[in-house]
Amino acid sequence: MESRKGGIRIAIDRGGTFTDCVGNPGTGRLEDDVVIKLLSEDPNNYDDAPLEGIRRLLSRFTGHEIPRGEPLDTYLIESIRMGTTVATNALLERKGEEIALVVTKGFKDCLEIGNQSRPKIFDLAIKRPEVLYRTVLEIDERVTLEDYAEDPTRHITETPRQDQTPPDAQIVRGLSSEAVRVLRRPSEDQVRSQLQTLYDRGIRSIAVGLLHAYTFPEHEILVGRVAREIGFKQISLSHELMPMIKLIPRATSTCADAYLTPTIKKYISSFQSGFEGNLGIESLRKGGLKGARCEFMQSDGGLVDLKRFSGLRAILSGPAGGVVGYALTSYDPETKIPVIGFDMGGTSTDVSRYDSGRYEHVFETTTAGVTIQSPQLDINTVAAGGGSRLFFRNGLFVVGPESAGAHPGPACYRKGGPLTVTDANLFLGRLLPDFFPKIFGEDENEGLDEEASRKLFEDLTNEINAETVRGQTDKKMTPDEVAYGFIKVANETMTRPIRSLTEAKGHDTSKHRLATFGGAGGQHAVAIAESLGIRQILVHRYSSVLSAYGMALADVVEESQEPESKVWSDGAVKQDLKSKMSELRERSAKKLREQGFEYNSIVFEEYLNMRYRGTESALMVLRTDQAEASNMHDTDEWDFGKAFIKQHEREFGFTLLRDIIVDDVRVRGIGKSFQSLGKTIDQQLKGATPRDVSSKKIYGKSEVYFEGGRRETPIYKLVDLEINDCINGPAILADETQTLVVTPGTTALITETHVVMNVGDVQASDGQASTTEIDPIMLSIFAHRFMAIAEQMGHALQKTSVSTNVKERLDYSCALFDSEGGLVANAPHLPVHLGSMSTCIRTQARIWKGRLKPGDVIVSNHPEFGGTHLPDITVITPAFNNNEVIFYVASRAHHADIGGILPGSMPPHSKELYQEGAAIRSEKLVSEGKFNEERIIELLYHEPAQYPDCSGTRCLADNLNDLKAQIAANQRGINLISALIEEYGQDVVRFYMINIQSNAESSVKTLLKEVSRKFAGQDLSAIDFMDDGSPIKLKISINADNGEAVFDFTGTGPEVHGNINAPEAVTYSAIIYCLRCLISQDIPLNQGCLKPIDVRIPKHSFLSPSDKAAVVGGNVLTSQRVTDVIFKCFQACAASQGDTNNLTFGFGGNVSGELETKGFGYYETIAGGSGAGPEWEGTSGVHTHMTNTRITDAEIFERRYPVLLREFSLRAGSGGNGQHRGGDGVIRDIEFRIPVQVSILSERRVHRPYGLEGGEPAQCGQNVWVRKLPVKNSDRAVSEERYINLGGKNTAHMQPGERIIVMTPGGGGWGPVGDRSKDPKKQDSRHAWRGGSLANRIFTQETSS
């Protein structure tokens, strides 16, 4: 079964626009390689680009032309390796196989609801990607986990081995070693009947995703067997594809596999038909002279035989080749310098990282709107590429995310296209028409149109100058400065994901090399490196075809994985894990041996997926060799515990004194393709003897724009340069596929395999920015940098927290403030925090003025001091310069429990603030670097318990850990802003902190002027009611001359003897959110949004309550109603569900006078329907307006808590009817398995969400307690179920077997029923995700050469 050694080796990357082919005649020498680049689609000349590429290579190597259409002889071929966009394109274009989803009864809508969050929080027309399946089949089966992680007793049910368990046992041991309770086994006859009905409807592909199948796959196996017997062609079973916990990503991945694999198989069959002789391992097993290896690149960077190539693992097939290419050619295992990959294409840019000789994998990603749970290379994509469009909006330079695509393409493509990054590079002389193919114009024989780019830049410059003259500066910009400004903004856009990829994981970006590839990367690489502090850039000689070259170098990979649940320890547990690892290793080795690999050419990477108990942030921990283990951990190679602790501390910044849980055992078997790849880049550099390049090699000269102006710049053809040639910048190196810009101060050295660019000192002109005149370019860059700081704080908080609320539900916000507490940048985490945090910071700044010292951190949650409700705790850190506060950073996080009368600290019947938990006015959480743990324990645990019937926090350990995470997130923000000050100077940073607020103010004024014109200068007014009858009344009066407005809430009801009172800060948040939605463009979210607004809230109304009033519902319920009233004034959209459906349950506490009981508290918010609008339908099962928190996955929910989720589905018909229907609410049915206190805090149970313009209102919500009451019976004790309406706000002590059913409201309709004349054209189903991520694969990844 040997492949033909010495035969022709071919590697191909079939991209969206071009197909790249690299062939070697069998020598393995780089100089003998032949590179061919051809169009991926050229139906007039050939049917399949890879086949055409192979034909041309074989013709070249054999010396005679092989006619098109003639079957290609496999005799001379050793191997074909290919990456393809077939699966990606099918996913992007939604052109896969027609499939059915088979799921557990009660969960037919689970993938449509997903995690219930909306993709873009400021889009009123919520668009979520459409599901991949055509229909759903519910199987009447159910299993659950017997034990739960939050059990304070840590009880574990003992189970016998599977081979000792009777077939009808109710409790069995799962593959993860967890005890599984079988509640209902499926009827085979019923399953057969249901599947036969599907088959009769013409469906031939099914995706099976049953609850807890990752650990108990028997029911999926039964469905799969019956489906095969019926004749289904594609049967994707979730436990086979990825046996990891989390139903939604696992089931979605299974759908992707069922949807894409048939398309892959059709393509492979068509591809094979072009050969004389078969392909793949099977062809070699048969012997004879025909046959060749044929392997496809998978998303994880490994190759697989064509017979085993599946849709799920094909999605990143092309980009994975590029990562393999730069990793194997740019990383040296001796020097161990990590590498950042920078792949800039036509519409987006991919960034990745390679270190320690191993690829970085992620196991849950979203591609084209589909969440994939499968090993994939960690590739981050940003929607900025050569084809990204350029705009001047609201005084800011904006790059993308819109792209010109291939048609019409950039302005210079002679198709009337818009200005793009490519045009900017061309106009500035950084892109050379002489080296670009002449394929433009009507006859497709003209070059790039420089005049078109110049004309548009001149027009845009005039527009910018006209607007800035009307603004704050008389300075006029030149077209060169405008074009260069867009280049700088594009570079800033692309550095954000690189910082996230490296710094967010604890790595120092400046200690990396930058490996650039892709058509447009060379024009931006030096600027990107300078911004990141990187000093060396590597450009491989095959950089424009590096994905194809990566295929040639890649290894064959076989993955094996099984779930686990053991607590890590030495002794028996370690031995059990070793045994399981050994079984998986042998499984992978067997598959590789079947593909012709000898055992000595197979290496293994062995992993345990580990996490701390009570958290969900697992880390894939690699088993190191003995030498490395001794060096790193001073221990043996199998001490995964110490390795996990070290990795956790590096990545998250802390460790915990908790049990370590093993979630999965994984083996990655690697069949090595090459033992050596020749000299590494460091070996080449060590032996290099650089010499200045001869002036005779100058191809020409051009006026190229660099920082400060145009400079005469020599141009060199790459083909003319020799090894050891050293070129001093400024210079341009180019060939037909790439252009490298060498900036002043940078040198370029030619080696055997690379161009190595060494970056000199960064030019300091940026640091001398004016503080008297606003530079719109600098304003745009600072807008990016400020927002990036807030985003990175959010990433740090999510990573370092331990609670489900923060880490999984993302119930937090982070922001940056000026020295007075004015909001500068708030990452768009939760809308309800947008304006309210500033109120808190300004208040604290006044309280502590002159009394704070470096190292101090403040904590507060009191409504009177800018808080919203007590569970939202704000942590504030001041930054100093010479003992003067120059800015603040803050983070606000929802803590699952902070005490009070009920678990979860969201009591539905609270009347006084003390009943809702700990109320902290203003305290030092940290004093000069010392964490005040005793005081915070006193505040959270002891003080609340002193009030009648109240307990202190029931989750003290989580509280403390999350507060420390907030401190760490704040410190991250401090460090980033300090670096910004070091780069630009304190005065410049403060200047732009102020002026970014002025920019937002200007945007809001423009909006208000437009609204005034729309409504002919009339006042806008609206009223709506809370369920208790309390009115919210608003009148908006707009001054059309200056763009200012009065928001007058006079007539709003008085303070309530209940908990729907909302602190004033909540109303400010609602106003900022609504204005940002109405502007419908990206603007900085800061204090400037409120400057044109005079907000008048009557004192002692329930929107301005007293300091002791209960407020827990104001933040989560009243805020939604305020939002509805504002949108009603603007006639923007019908009402959404107007609710967040707050559900809490738990037990335990330290109520005064009672024994302390250890327990837990759980909190979730539940989605509903969104309101329809003039041009859109409402969306079902989604969070709206003031919140966007996620729902806990069903399997995680049942693993952590003593519950059974009976149903989570859409509530059909609950949305309001109309020309455009409102979205439907959901049904969430939870059964409790132990006694718990259950509370519901909700609205819209009385007043229906309104429709607009003749649209009908939506249905109200309803909360039902399914109670079990005893029935007298002479023979035995029995009970009956009674359905009891809990109303909108209630609490009950529920017994085992009792349930709560939450039916959430829908959204209102828009327009009269039946009036479809004004219906807009149906929107592209891909609207929610097109323009970012992998959309570049189908358009012009390589068109910006």
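Numbering of residues begins at 1 and proceeds along the displayed sequence. Nothing here was measured: the structure is a model prediction, and the numbers come from that model.
Looking at H869, its side chain never comes within 3.5 Å of a backbone N or O of P871 through a donor-acceptor pair. Side-chain atoms of N995 never come within 3.5 Å of backbone atoms of L779 as a donor-acceptor pair (strictly under, hydrogens ignored). Between the side chain of S951 and the main chain of P944, no donor-acceptor pair closer than 3.5 Å is present. Proximity of a side-chain donor or acceptor of H512 to a complementary backbone N or O of T509 within less than 3.5 Å is detected. With S531 contributing its side chain and A527 its backbone, the two residues share no donor-acceptor pair below 3.5 Å. Proximity of a side-chain donor or acceptor of E916 to a complementary backbone N or O of V1112 within less than 3.5 Å is detected. No side-chain donor-acceptor contact under 3.5 Å links T1140 to the backbone of N1142. Judged purely by atom type and a 3.5 angstrom limit, T1144 has no side-chain atom pairing as donor or acceptor with the backbone of Y1163. Put simply, the side chain of T874 never gets that close to the backbone of N861: no donor and acceptor are under 3.5 Å apart. Between the side chain of R892 and the backbone N or O of D872 there is no donor-acceptor pair closer than 3.5 Å.
Sequence neighbours left out, not one pair with a member in residues 964-983 passes ring pair (Phe, Tyr, Trp, His ring centres under 6.0 Å). Here salt bridge (charged side-chain N to carboxylate O under 4.0 Å, His left out) pairs that include residues 880-889, with residues two or more places apart or in two chains, are E884-R990. Residue pairs meeting the salt bridge (charged side-chain N to carboxylate O under 4.0 Å, His left out) criterion with at least one partner in residues 776-787, sequence neighbours excluded, are E492-R785, R785-E983.
Shown here are the side-chain contact (heavy atoms from CB on, under 4.5 Å) partners of P903, two or more places apart in sequence or in another chain: D897, R954, Q1237. The ring-ring contact (aromatic ring centres under 6.0 Å, His included) search around F1102 returns none, not counting sequence neighbours. Evaluation of the side-chain hydrogen bond (donor to acceptor under 3.5 Å, both in side chains) rule for S780 yields no partner, not counting sequence neighbours. Under the side-chain contact (heavy atoms from CB on, under 4.5 Å) criterion, N975 pairs with Q971, not counting sequence neighbours. Not counting sequence neighbours, the partners of K853 by the side-chain contact (heavy atoms from CB on, under 4.5 Å) test are D856, E928. In this structure, the side-chain contact (heavy atoms from CB on, under 4.5 Å) partners of E938, at least two apart in sequence or on a different chain, are R935, H942, E943, Q946. Residues satisfying the ring-ring contact (aromatic ring centres under 6.0 Å, His included) criterion with F397, sequence neighbours excluded, are F392, F486. Qualifying ring-ring contact (aromatic ring centres under 6.0 Å, His included) partners for F887, counting only residues two or more places apart in sequence or in other chains: none. Residues satisfying the side-chain hydrogen bond (donor to acceptor under 3.5 Å, both in side chains) test with Q647, not counting sequence neighbours, are none.
With contacts defined as side-chain heavy-atom distances shorter than 4.5 Å, the pair I645/K642 does not qualify. Counting heavy atoms from C-beta on, the side chains of F865 and I847 come closer than 4.5 Å. Put simply, the side chain of E820 does not reach to within 4.5 Å of the side chain of Q1087, judged on heavy atoms. Residues L980 and I789 are in side-chain contact: their nearest non-hydrogen atoms beyond the backbone lie under 4.5 Å apart. For the pair P863 and L913, the minimum side-chain heavy-atom distance is below 4.5 Å. The closest side-chain heavy-atom distance from F880 to V885 is below 4.5 Å. I498 is listed as a side-chain neighbour of I340, based on a closest heavy-atom distance under 4.5 Å. Residues T1187 and D811 form no side-chain contact, since every pair of their non-hydrogen atoms from C-beta on lies 4.5 Å or further apart.
When the options V857, V875, T877, N932 are evaluated for a side-chain contact (heavy atoms from CB on, under 4.5 Å) with V926, the one that passes is V857. Exactly one residue among V824, N970, I876 makes a side-chain contact (heavy atoms from CB on, under 4.5 Å) with V889. That residue is N970.
Contact record, M793 with A815: CE-O, 4.0 Å, taken as the closest heavy-atom pair. Nearest heavy atom pair, residue A1070 against residue S1119, reads CB-O, 4.4 Å. Of all the heavy atoms in I898 and N959, the pair that sits closest is CG2-ND2, 4.3 Å. Smallest separation of non-hydrogen atoms from G952 and A945: N-CB, 3.8 Å. Scanning all heavy atoms of the two residues, the minimum distance from N1061 to A1110 falls at ND2-O, 3.0 Å. The two residues N1059 and P907 come nearest to each other via the heavy atoms ND2-O, 2.8 Å.
Ring geometry for Y947 versus Y914: interplanar angle under 30°, hence parallel rather than tilted (30 to 60°). Taking the six-membered ring where the residue is Trp, Y612 and F644 present perpendicular rings, their angle passing 60° and hence far from 30°. Taking the six-membered ring where tryptophan is involved, the planes of F786 and F782 are tilted, since the angle between them lies from 30° to 60°.
For the atom pair K1108 NZ and E1055 CD, the distance stands at 11.5 Å (nearest 0.5 Å). Note that OG1 of T868 is 9.5 Å distant from CE of M1186, once rounded to the nearest 0.5 Å. Note that CD1 of I121 and OH of Y1073 are 7.5 Å apart. Values are rounded to the nearest 0.5 Å. Between the CG atom of N491 and the CG atom of L532 there is a distance of 10.0 Å, given to the nearest 0.5 Å. The distance from the OG atom of S838 to the OH atom of Y1068 is 10.5 Å, given to the nearest 0.5 Å. Put simply, OG on S891 and CD on Q966 are 4.0 Å apart, with the number rounded to the nearest 0.5 Å.
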Derivation of the side chain to side chain donor-acceptor pair (under 3.5 Å) call for Q844 and S922 = CA-CA 7 Å; Q844 299 299 328; S922 185; 2.5 Å; yes
request  = List the steps, then state whether side chain to side chain contact (heavy atoms under 4.5 Å, CB included) holds for E923 with I936.
outcome  = CA-CA 9 Å; E923 295 275 349; I936 198 66; over 6 Å; no
inquiry  = For K964 and E933: C-alpha separation, side-chain torsions, deciding distance, then whether side chain to side chain contact (heavy atoms under 4.5 Å, CB included) applies.
reply    = CA-CA 10 Å; K964 290 176 181 177; E933 186 162 334; 4.1 Å; yes
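D818 and Q997 share a side-chain donor-acceptor pair at under 3.5 Å. Between T1189 and T1165, the side chains place a donor N or O and an acceptor N or O closer than 3.5 Å (distance only, hydrogens not considered). Using modelled atom types and a 3.5 Å distance limit, the side chains of T655 and E649 yield no donor-acceptor pair. Using modelled atom types and a 3.5 Å distance limit, the side chains of Q986 and N881 yield a donor-acceptor pair.
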